[in-house]
S.K.: 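Encoded as structure tokens, here's the structure I'll be asking about.
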Protein chains: 2
Amino acid sequence: MKHTYQYPRAALTVDCVVFGFDGGDLQVLLIRRAIPPFKDHWALPGGFVRVEETLDEAARRELVEETGLKDVFLEQLYTFGTIDRDPRERVVSIAYYALVKPADHTTAASTDAAEARWYPITGIPPLAFDHATILDIALKRLRGKLTYQPVGFELLPAKFTLTQLQRLYEAVLGTEIDKRNFRKKVLSFDLLIPLKEQLRDGPHRPAQLFRFDPVKYERLKKKGFLFEI
Amino acid sequence: MKHTYQYPRAALTVDCVVFGFDGGDLQVLLIRRAIPPFKDHWALPGGFVRVEETLDEAARRELVEETGLKDVFLEQLYTFGTIDRDPRERVVSIAYYALVKPADHTTAASTDAAEARWYPITGIPPLAFDHATILDIALKRLRGKLTYQPVGFELLPAKFTLTQLQRLYEAVLGTEIDKRNFRKKVLSFDLLIPLKEQLRDGPHRPAQLFRFDPVKYERLKKKGFLFEI
DNA sequence: AATGATAGTGTATGAAACACACTTACCAAT
DNA sequence: ATTGGTAAGTGTGTTTCATACACTATCATT
């Protein structure tokens, strides 16, 4: 390749912090590296950016290739450019974070050759490169995001109960929330549609199922409304 | 250069959205490009990342080189990687935004060969590359930032009056703010130290000068306190 | 019929947001 | 010295929102 600039190019990667929720713990999807460096270490899914794709496209492609996940909530997080973050040469990584619904969890775990596994956020193994730092920043971002934008449903099945939603908020934020206040507030936003269905699990009163209303959400976003829970 | 990876490298640039405040308008520092592409167009200060420097270092170096500004508030904004954002070849740009105190404005305008000029945010000329998009996102970020973190003083002189601070908030957020409520709220955070000095300008009652208390601010940040105005 | 488990609901209190108008201090002009 | 113009500075009442808190309803199991 001919250099039109006199400046050296850098190898570019994308890395994805994939969050999931199993009803109790916030989880992160990790893959075990098959090649050096950091062979056999756990790492964030990701890989090199190709010249003919945008950064977002690269992130989505890598997600499919390494975890089988597609059509997930995906947002750019931060770009990491420390000089020695890759032992081989200068590699700059654009980090993304993804929110994945439970329906996709099985696909994610089972797909392809490289081993992929969900880890609870409280029990993350040592990670390759500076991926621990990336994960740390992603978690902070998720916490912030969750408190001022209704993205929680991205981590839940299409139909969910208010208790499930509350458990999710508690897991991500690491706090206990009062049930009545939580329901009052969540419902006041008028973004949840009660379904005719109920969830019957176990020997107790069945729970009302809701689904998220994306139309109303878009309307709110356009008006610049944000809000916290 | 020998490729240890089989993937092509990309040219990497940093671009800086430099915000200033002249007492009335929020302003942005632009430079006129001396070389193609977009020769003679206005653009954000920025340039290529070198292999031996981090992204932050590159952003600060370019700021000094192109505008003479140093020791300013600087934060990474977003990374832009559309394929055709540079007409020559694939260039990925890590955008930053900076907040500059008025004392530095003159230095900024006067330095070096390339022409540099402050433009009010309401009268930005056509910009090179996708810099209009970058500016747009930076402005949104600044608005968000200002509403939940006390960064306003980064755009004011070391000594400032509450009215100046209010004008700044009004200029950035594009709203009118009630004087009494604003003062009540700002002072309640206990981050401003009243000085023995007053500002006398014009035929009216002189205004109390304050300075920001960085020590108390750090203490708040550590506790994870954020707040809005 | 009794037990155990989770769903679901209302009210009272305190804190913060918001709306709102007049007095004070200085300068300049007469 | 008085007047007029200009921006600084100040307090209260109202409303809205956050928080704390305990019991009843419904189902499955025995």
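Here the structure is a predicted model, which means the values were calculated and not measured. Order of the sequence lines fixes the chain letters, A, B, ..., with proteins taken first and strands second; residue numbering starts at 1 for each chain.
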S.K.: Mind calculating the distance between NZ (B:Lys185) and P (C:dA19) to the nearest angstrom?
M.R.: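 To the nearest whole Å, that distance equals 13 Å.
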
S.K.: Quick one: is B:Arg180 getting a side-chain N or O under 4.0 Å of the D:dG11 phosphate, OP1 or OP2?
M.R.: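 So the side-chain polar atoms of B:Arg180 never come under 4.0 Å of the phosphate oxygens OP1 or OP2 of D:dG11.
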
S.K.: For B:Phe182 and C:dA17, what is the distance between atoms CZ and P respectively, to the nearest whole Å?
M.R.: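 After rounding, the gap between these two atoms is 13 Å.
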
S.K.: Let me know the distance between CZ of B:Phe160 and P of D:dA8, rounded to the nearest Å.
M.R.: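 Taking CZ of B:Phe160 and P of D:dA8, I get 14 Å after rounding.
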
S.K.: Between A:Gln166 (CD) and C:dG8 (P), how many Å, whole number?
M.R.: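 Distance check: A:Gln166 CD to C:dG8 P gives 11 Å.
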
S.K.: Report all interatomic pairs (protein N or O, nucleotide N or O of nucleotides 25-28 of chain C) with separations under 3.5 Å.
M.R.:
| residue | atom | partner | partner atom | Å |
| --- | --- | --- | --- | --- |
| C:dA25 | N3 | B:Arg205 | N | 3.0 |
| C:dC26 | O2 | B:Pro203 | O | 3.1 |
| C:dC26 | O2 | B:His204 | N | 3.2 |

S.K.: Keeping the roles fixed (side chain from A:Thr147, backbone from A:Gly144), state whether a donor-acceptor pair exists under 3.5 Å.
M.R.: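 Yes.
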
S.K.: How long is the line joining CG of A:Asp178 and C1' of C:dT9, in whole Å?
M.R.: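 Rounding to the nearest Å, CG of A:Asp178 and C1' of C:dT9 are 12 Å apart.
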
S.K.: CG of B:Leu199 versus C1' of D:dA8: gap in Å, rounded?
M.R.: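 About 11 Å, once rounded to whole Å.
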
S.K.: For a quick check of understanding: with a heavy-atom distance under 4.0 Å over all strands, which category does B:Thr163 fall into, base, sugar-phosphate or nothing?
M.R.: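 Contact class for B:Thr163: sugar-phosphate only.
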
S.K.: As a test of understanding, state which of B:Arg60, B:Glu62, B:Gln76, B:Glu57 forms a side chain to side chain contact (heavy atoms under 4.5 Å, CB included) with B:Val14.
M.R.: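 The side chain to side chain contact (heavy atoms under 4.5 Å, CB included) with B:Val14 is passed solely by B:Glu62 among B:Arg60, B:Glu62, B:Gln76, B:Glu57.
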
S.K.: Using whole Å, report how far CD1 of A:Ile177 lies from C1' of D:dC21.
M.R.: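 A:Ile177 atom CD1 is separated from D:dC21 atom C1' by 16 Å.
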
S.K.: By ring-ring contact (aromatic ring centres under 6.0 Å, His included), which residues pair with A:Phe153, not counting sequence neighbours?
M.R.: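 Partners of A:Phe153 under the ring-ring contact (aromatic ring centres under 6.0 Å, His included) test: A:Phe212.
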
S.K.: Between B:Arg141 and B:Leu77, is there a donor-acceptor pair closer than 3.5 Å when you use the side chain of the first and the backbone of the second?
M.R.: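 Such a contact is found between B:Arg141 side chain and B:Leu77 backbone.
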
S.K.: For B:Tyr78, what residues pass the ring-ring contact (aromatic ring centres under 6.0 Å, His included) criterion, not counting sequence neighbours?
M.R.: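 For B:Tyr78, the residues satisfying ring-ring contact (aromatic ring centres under 6.0 Å, His included) (neighbours in sequence not counted) are B:Phe80.
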
S.K.: Counting distance alone, no hydrogens or angles: does the base of D:dA8 have a donor or acceptor under 3.5 Å from a partner atom on the side chain of B:Lys179?
M.R.: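 Such a pair is found, so the answer is yes.
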
S.K.: For residues 20-30 of chain B, which side-chain N or O atoms pair as donor and acceptor with protein atoms under 3.5 Å away, sequence neighbours left out?
M.R.:
| residue | atom | partner | partner atom | Å |
| --- | --- | --- | --- | --- |
| B:Asp22 | OD1 | B:Gly24 | N | 2.8 |
| B:Asp22 | OD1 | B:Asp25 | N | 2.7 |

S.K.: Anything under 3.5 Å between a protein N or O and an N or O of nucleotides 13-16 of chain D, put it in a table, one pair a line.
M.R.:
none

S.K.: How close or far is atom P of D:dA7 from atom CD of B:Gln208, stated in whole angstroms?
M.R.: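 Distance, rounded to whole Å: 19 Å.
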
S.K.: Does B:Asp201 contact D:dA7 through a side-chain donor or acceptor facing the base, at a distance under 3.5 Å?
M.R.: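 Under the 3.5 Å cut-off, the side chain and the base do not form any donor-acceptor pair.
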
S.K.: Would you please name every residue forming a salt bridge (Lys or Arg N to Asp or Glu O under 4.0 Å) with B:Arg167, sequence neighbours left out?
M.R.: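 Result, salt bridge (Lys or Arg N to Asp or Glu O under 4.0 Å) vs B:Arg167: B:Glu170.
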
S.K.: To the nearest 0.5 Å, what is the distance between NE2 on B:His41 and CG on B:Leu127?
M.R.: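 Going from the NE2 atom of B:His41 to the CG atom of B:Leu127 covers 9.5 Å.
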
S.K.: Consider only side-chain N and O atoms of A:Ser93 and A:Thr13, and report whether a donor and an acceptor are under 3.5 Å apart.
M.R.: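 Judged by distance alone, the side chains do pair up.
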
